[in-house]
Q: 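One structure coming up, written as structure tokens, with questions to follow.
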Amino acid sequence: MEEEQDVKPVSPSQSSKNTQQPDTPYSSHGWSLDMLLRRLKAVDAKRDDKLASILDAVGVFGTFQWRLVALTFIPSMVSTFFLLSDYFMVTAQTPYCNTSWILAVGPNLSEAEQLNLTVPRAPNGSFLTCLSYIPVSWDLDSIIHFGLNYTEKCKNGWIYPYATKRSLINEFDLVCGSEPNIENMQTVFLAGILTGSLLFGFLSDKLGRYPTILMSLLGLLIFGFGTAFVNSFYQYLFFRFIVAQATVGYVICSVSLVMEWLVDEHRAQAVILQHCFFTIGILFLSGSAFKIAHWRLLFLVGGTPMFPLICNVWVLRESPRWLMVKGKVEEAKEVLCYAAKVNKNTIPSNLLNELQLKGKKVKKASILDFYTNQNLFRVVLAMACSWFTVSYIYFTLSLKMKDSGVDLYYRQVIPSIMEVPARLCCIFLLENFGRKWSLYLSLILATIACVFLLFLPQELKSTIILVLVLGEFSLAATVTVFFIYTAELLPTVLRSTGLGMVSLSWAAGAISSLAIFKQIQSQLPIFFCCLSCVLALCFFSLVPETENQPLRDSIEYSSSSHKDSVELKERNKDVGTVMLSDSSMSDMCDVAKNTTVNTMPTESEAGYSTWPLKNPASGNYSVQQPEDKVP
């Protein structure tokens, strides 16, 4: 083949002849040059990331990584019992005033006879639920003969003769003006997510991933399991508030820990599977709530798996990246050696010795850097606005499905079944289109669904429900890609804090959706969804692609990004000049090969090379590195 032929010397006559030929258009080889430059940049970035090379030596995905990921799956499933349990805690009940006083004069009265004598009826013949006849000191015959005429509000509580389940309604008598509003209960829970996002995000970057995960799991154990023992409805709300903080804290810290321990495509796959297990947990919650007749028992079932999980949490280890940015080099080496030992591998001593701090002292970072650092400010602003948009759309579609009269269990089960393949599809999208274009595609599908909802007649309920399910399908994929993309954009020193800030935006979007949908009974909330989708698509253009790029550890990547851009332009200029000097495709390929070979580190330079090279003279070379995908 022409690409494998050796480059022959060009004589002056041939050179003059070639100069007379038409110039080859530069754009015809633009795709090849762009792919080459992307690969060069990825190779250079991984070569500079010493920790990535050590993680390769530890084992890309060995026993240690399996245990790490598995321990993040179980709490993801259990957290659904605490996140979505409010939907099953407030089931419809028919209360009647407690009129047991009449049993003193008629102990043999049946329940129906008792209600017929002591509870007034509405004009349609049904019993009134919030009124009863005033007790009198008559005998039973007089009460039956003359009847009771004067009514009053229930003073001795209520009874629920036709209730099949024990819920918060008949546990705390939340009837007759004391009915709990499910939207208000969700607002309290979302307020816990809002405050917990900032609190646990800050603690994770300050104290470390491991202790913060332990704190969040203890919070789930104490307040989640303890919810089954509350004595009042206000205690229930308080426990739910704390559980919300612990839940979002665990989500933020576990994503940070997994992303920093895994490399390459394994990071994205682990987060995707974690979200799939969260969806599976919703199915278990729905089935358990359908079978379990008592709300306290439901919390006991959900909290019981936390006990063995706390006992096995010692398997986890602190993130080596976080230890490095905090200057704890020796501790980082210890956890890396432990992971290598579990994987039955050995880290070369020359690689381990290269794991040193780049500067004389550790540079500190704070939440104020999100304002002072221009690059961080742009990333967090874009992603926070996008998170707000996606949250608002997701909750609006859920409320729209509830407003369409869909049964509670169908509202939880059907979308959950659809969300599992939606999240698994993210693996294909991320590998072939990258982070940014995956977000574009999933959100465009959600936008199309919102546009259909805007123009569909309200009489077509079946079609509306189908479109709502498809909209939630695309948004499930969007949320998963969002987590991965946001975690990769943020530096290690402020990764959890940044995730906490965007999670705060998620809670704000959900609260806004509840408020707007409750106040506006029209298609206006759906119109806001369409408008929000367009704005989110615009915000995506402000953030760079992170596919096949190593995780950044420091906030000082404005200058490094500028340096990479300058080097990329210089290589573009140099290679472009060579390509324009000769129209031969074989010359272009030889230049590309030589450029790639010269850019790669030798074994003596890198200490541990993951890019084995064959003889350059043969024209063959190989790079054991996933190819960058050009969107």
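Just the heavy atoms: all of them, side chains too, but no hydrogens, waters or symmetry mates, feed the values below.
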Q: Check the SG atoms of Cys533 against those of Cys450: under 2.5 Å or not?
A: no
Q: In Å and rounded to the nearest 0.5 Å, what is the CE to OG distance from Met77 to Ser79?
A: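 Rounded to the nearest 0.5 Å, the CE-OG separation comes to 9.5 Å.
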Q: List the steps, then state whether side-chain hydrogen bond (donor to acceptor under 3.5 Å, both in side chains) holds for Glu152 with Ser132.
A: CA-CA 6 Å; Glu152 64 179 357; Ser132 66; 4.7 Å; no
Q: Using the six-membered ring wherever Trp is involved, compare the ring planes of Phe223 and Phe238 and label them parallel, tilted or perpendicular (cut-offs 30° and 60°).
A: perpendicular
Q: With a 4.5 Å cut-off on side-chain heavy atoms, are Ile134 and Leu148 touching?
A: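 Of all side-chain heavy-atom pairs linking Ile134 with Leu148, none is under 4.5 Å.
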Q: Could you check whether Ser319 and Arg209, counting side-chain N and O atoms only, form a donor-acceptor pair closer than 3.5 Å?
A: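 No.
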Q: Minimum heavy-atom separation for Trp295 to Val230, with atom names?
A: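 Nearest pair, atom of Trp295 first, then Val230: CH2-CG2, 3.7 Å.
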Q: Let's go through Thr480 and Arg423 carefully: what are the C-alpha distance in whole Å and the side-chain angles of both, what is the deciding distance for side-chain hydrogen bond (donor to acceptor under 3.5 Å, both in side chains) to 0.1 Å, and is it a yes or a no?
A: CA-CA 7 Å; Thr480 298; Arg423 300 185 192 278; 2.8 Å; yes
Q: Within the distance-only criterion (no hydrogens, no angle test), does the side chain of Ser126 pair as donor or acceptor with the backbone N or O of Ala122 below 3.5 angstrom?
A: no
Q: Going by distance alone, is a donor N or O of one side chain under 3.5 Å from an acceptor N or O of the other, for Gln245 and Thr195?
A: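 Looking only at side-chain atoms, Thr195 and Gln245 do form a donor-acceptor pair, the distance falling under 3.5 Å.
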Q: Could you measure the distance from the NZ atom of Lys461 to the CD1 atom of Ile464? Nearest 0.5 Å is fine.
A: 8.5 Å
Q: So, applying side-chain hydrogen bond (donor to acceptor under 3.5 Å, both in side chains) with Thr396, which one of Ser391, Ser513, Ser532 is it?
A: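 Running side-chain hydrogen bond (donor to acceptor under 3.5 Å, both in side chains) over Ser391, Ser513, Ser532 with Thr396 returns exactly one hit, Ser513.
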Q: When you measure from the side chain of Gln523 to the backbone of Leu453, do you find a donor-acceptor pair of N or O atoms at a distance under 3.5 Å?
A: yes
Q: Has Arg317 got its NZ or CZ under 6.0 Å from the middle of the six-membered ring of Phe64, at an angle within 45 degrees of the ring axis?
A: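 No, Arg317 does not sit over the ring of Phe64.
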Q: I'd like to know if the side chain of Glu318 and the backbone of Tyr210 have a donor-acceptor N/O pair within less than 3.5 Å.
A: yes
Q: For residues Thr227 and Arg296, is any side-chain donor paired with an opposing acceptor at under 3.5 Å?
A: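 Side-chain D/A pair, Thr227 to Arg296: absent.
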Q: Is Leu273 close to Val69 at the side-chain level, that is, under 4.5 Å between some pair of heavy atoms?
A: no
Q: Please report the C-alpha distance between Ser462 and Leu466 in whole Å, then the side-chain angles of each, then the deciding distance to 0.1 Å, and finally whether the side-chain contact (heavy atoms from CB on, under 4.5 Å) criterion is met.
A: CA-CA 6 Å; Ser462 299; Leu466 177 61; over 6 Å; no
Q: Taking the side chain as everything from C-beta on, heavy atoms only, tell me whether Phe127 gets closer than 4.5 Å to Tyr96.
A: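 Phe127 vs Tyr96: side chains touch.
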Q: Can you label the angle between the Tyr392 ring and the Phe528 ring as parallel, tilted or perpendicular, going by 30° and 60°?
A: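 Tilted.
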Q: Starting at SG of Cys276, measure out to CD of Glu419 and round the result to the nearest 0.5 Å.
A: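 Spacing of SG (Cys276) from CD (Glu419) equals 9.5 Å.
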Q: Under 6.0 Å from the CH2 atom of Trp66, do we count more than 12 heavy atoms belonging to anything else shown?
A: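 Count not over threshold, so no.
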Q: Which class fits the ring pair Tyr394 and Trp506: parallel under 30°, tilted 30 to 60°, perpendicular over 60°?
A: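 If you compare the ring of Tyr394 with that of Trp506, the planes turn out tilted.
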Q: From Leu499 CG over to Leu504 CG, what is the distance, rounded to the nearest 0.5 angstrom?
A: 12.5 Å
Q: Is atom OH of Tyr410 surrounded by more than 12 heavy atoms (other residues, nucleotides or ligands) closer than 6.0 Å?
A: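 Atom OH in Tyr410 is not crowded, with 12 or fewer foreign heavy atoms closer than 6.0 Å.
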Q: Roughly how far, to the nearest 0.5 Å, is CD1 of Ile252 from CG of Leu257?
A: 13.5 Å
Q: Judged by atom type as modelled, is there a donor-acceptor pair below 3.5 Å linking the side chain of Asn170 to the main-chain atoms of Lys165?
A: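 The answer is yes, because a donor-acceptor pair under 3.5 Å joins these two groups.
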Q: Please evaluate residues Val251 and Phe483 with respect to the criterion side-chain contact (heavy atoms from CB on, under 4.5 Å), reporting the C-alpha separation (whole Å), side-chain torsions for both, the decisive distance (0.1 Å), and the verdict.
A: CA-CA 10 Å; Val251 172; Phe483 260 102; 3.7 Å; yes
Q: Could you tell me how the ring of Tyr236 sits relative to the ring of Phe233: parallel (under 30°), tilted (30 to 60°) or perpendicular (over 60°)?
A: parallel
Q: Going by atom types only, do Thr99 and Thr118 share a side-chain donor-acceptor pair under 3.5 Å?
A: yes
Q: Check salt bridge (charged side-chain N to carboxylate O under 4.0 Å, His left out) between Arg166 and all other residues, then give those that pass, not counting sequence neighbours.
A: Glu171
Q: Could you grab the distance from atom CD1 of Ile393 to atom NZ of Lys400, nearest 0.5 Å is fine?
A: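 That separation rounds to 15.0 Å.
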Q: Would you say that more than 12 heavy atoms from the other residues, nucleotides or ligands in this model lie under 6.0 Å from the OH of Tyr160, or not?
A: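 Yes - once you tally the heavy atoms of other residues, nucleotides and ligands closer than 6.0 Å, there are more than 12.
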Q: Starting from the C-alpha separation in whole Å, work towards a yes-or-no answer on side-chain contact (heavy atoms from CB on, under 4.5 Å) for Val271 and His275.
A: CA-CA 6 Å; Val271 176; His275 286 192; 4.0 Å; yes
Q: List in chain and number order the residues that pass side chain to side chain donor-acceptor pair (under 3.5 Å) with Thr72, two or more places apart in sequence or in another chain; answer none if no residue qualifies.
A: none
Q: Heavy atoms only: give me the nearest Gly302-Val78 pair and the separation to one decimal.
A: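 For Gly302 and Val78, the tightest heavy-atom pair comes out as O-CG1, 3.0 Å.
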Q: Is it the case that more than 12 heavy atoms not belonging to Tyr409 sit under 6.0 Å from its OH atom?
A: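 Enclosed.
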Q: Any donor and acceptor pair, going by atom type alone, linking the side chain of Ser204 with main-chain N or O of Phe200 inside 3.5 Å?
A: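 Looks like no, no N/O pair under 3.5 Å.
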Q: Taking side-chain hydrogen bond (donor to acceptor under 3.5 Å, both in side chains) as the criterion, tell me which of Gln186, Arg411, Gln412 meets it with Tyr87.
A: Gln186
Q: Without swapping roles, check the side chain of Glu472 against the backbone of Val469 for a donor-acceptor pair under 3.5 Å.
A: no
Q: Checking Phe225 against Phe307 for the ring pair (Phe, Tyr, Trp, His ring centres under 6.0 Å) test, could you report, in this order, the C-alpha distance in whole Å, the side-chain angles of both residues, the deciding distance, and whether it holds?
A: CA-CA 10 Å; Phe225 190 81; Phe307 286 97; 5.3 Å; yes
Q: Can a donor-acceptor pair be found, under 3.5 Å and without considering hydrogens, that links the side chain of Asn98 to the backbone of Ile159?
A: no
Q: Any luck finding a side-chain donor-acceptor pair between Ser256 and Ser496 under 3.5 Å?
A: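 Yes, a side-chain donor-acceptor pair sits under 3.5 Å.
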Q: Does a salt bridge link Asp86 with Arg240, judged by any charged N lying under 4.0 Å from a carboxylate O?
A: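 So Asp86 pairs with Arg240 through a salt bridge.
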Q: Would the number of heavy atoms belonging to other residues, nucleotides or ligands and lying under 6.0 Å from CZ of Phe202 be above 12?
A: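 Open: at most 12 neighbouring heavy atoms sit under 6.0 Å from CZ of Phe202.
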Q: Keeping Asp205 on the side-chain end and Thr497 on the backbone end, is there a donor-acceptor pair under 3.5 Å?
A: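 The answer is yes, because a donor-acceptor pair under 3.5 Å joins these two groups.
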Q: Could Glu488 and Arg267 be called an ion pair, given the rule that one side-chain N must be under 4.0 Å from one carboxylate O?
A: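 Yes, Glu488 and Arg267 are salt-bridged.
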Q: Would you say that more than 12 heavy atoms from the other residues, nucleotides or ligands in this model lie under 6.0 Å from the CZ of Phe527, or not?
A: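 Counting neighbours around CZ of Phe527, 12 or fewer heavy atoms of other residues, nucleotides or ligands fall under 6.0 Å, so no.
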Q: Using modelled atom types and a 3.5 Å cut-off, is there a donor and acceptor pairing between side-chain atoms of Thr80 and backbone atoms of Gly281?
A: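 The answer is yes, because a donor-acceptor pair under 3.5 Å joins these two groups.
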Q: Is the side chain of Gln235 donor-acceptor paired with the backbone N or O of Asn231 at a distance under 3.5 Å, no angle test?
A: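 Indeed, once roles are kept as given, a pair shorter than 3.5 Å links the two residues.
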Q: So, Glu260 and Arg495, do they make that salt bridge, N to O below 4.0 Å?
A: yes
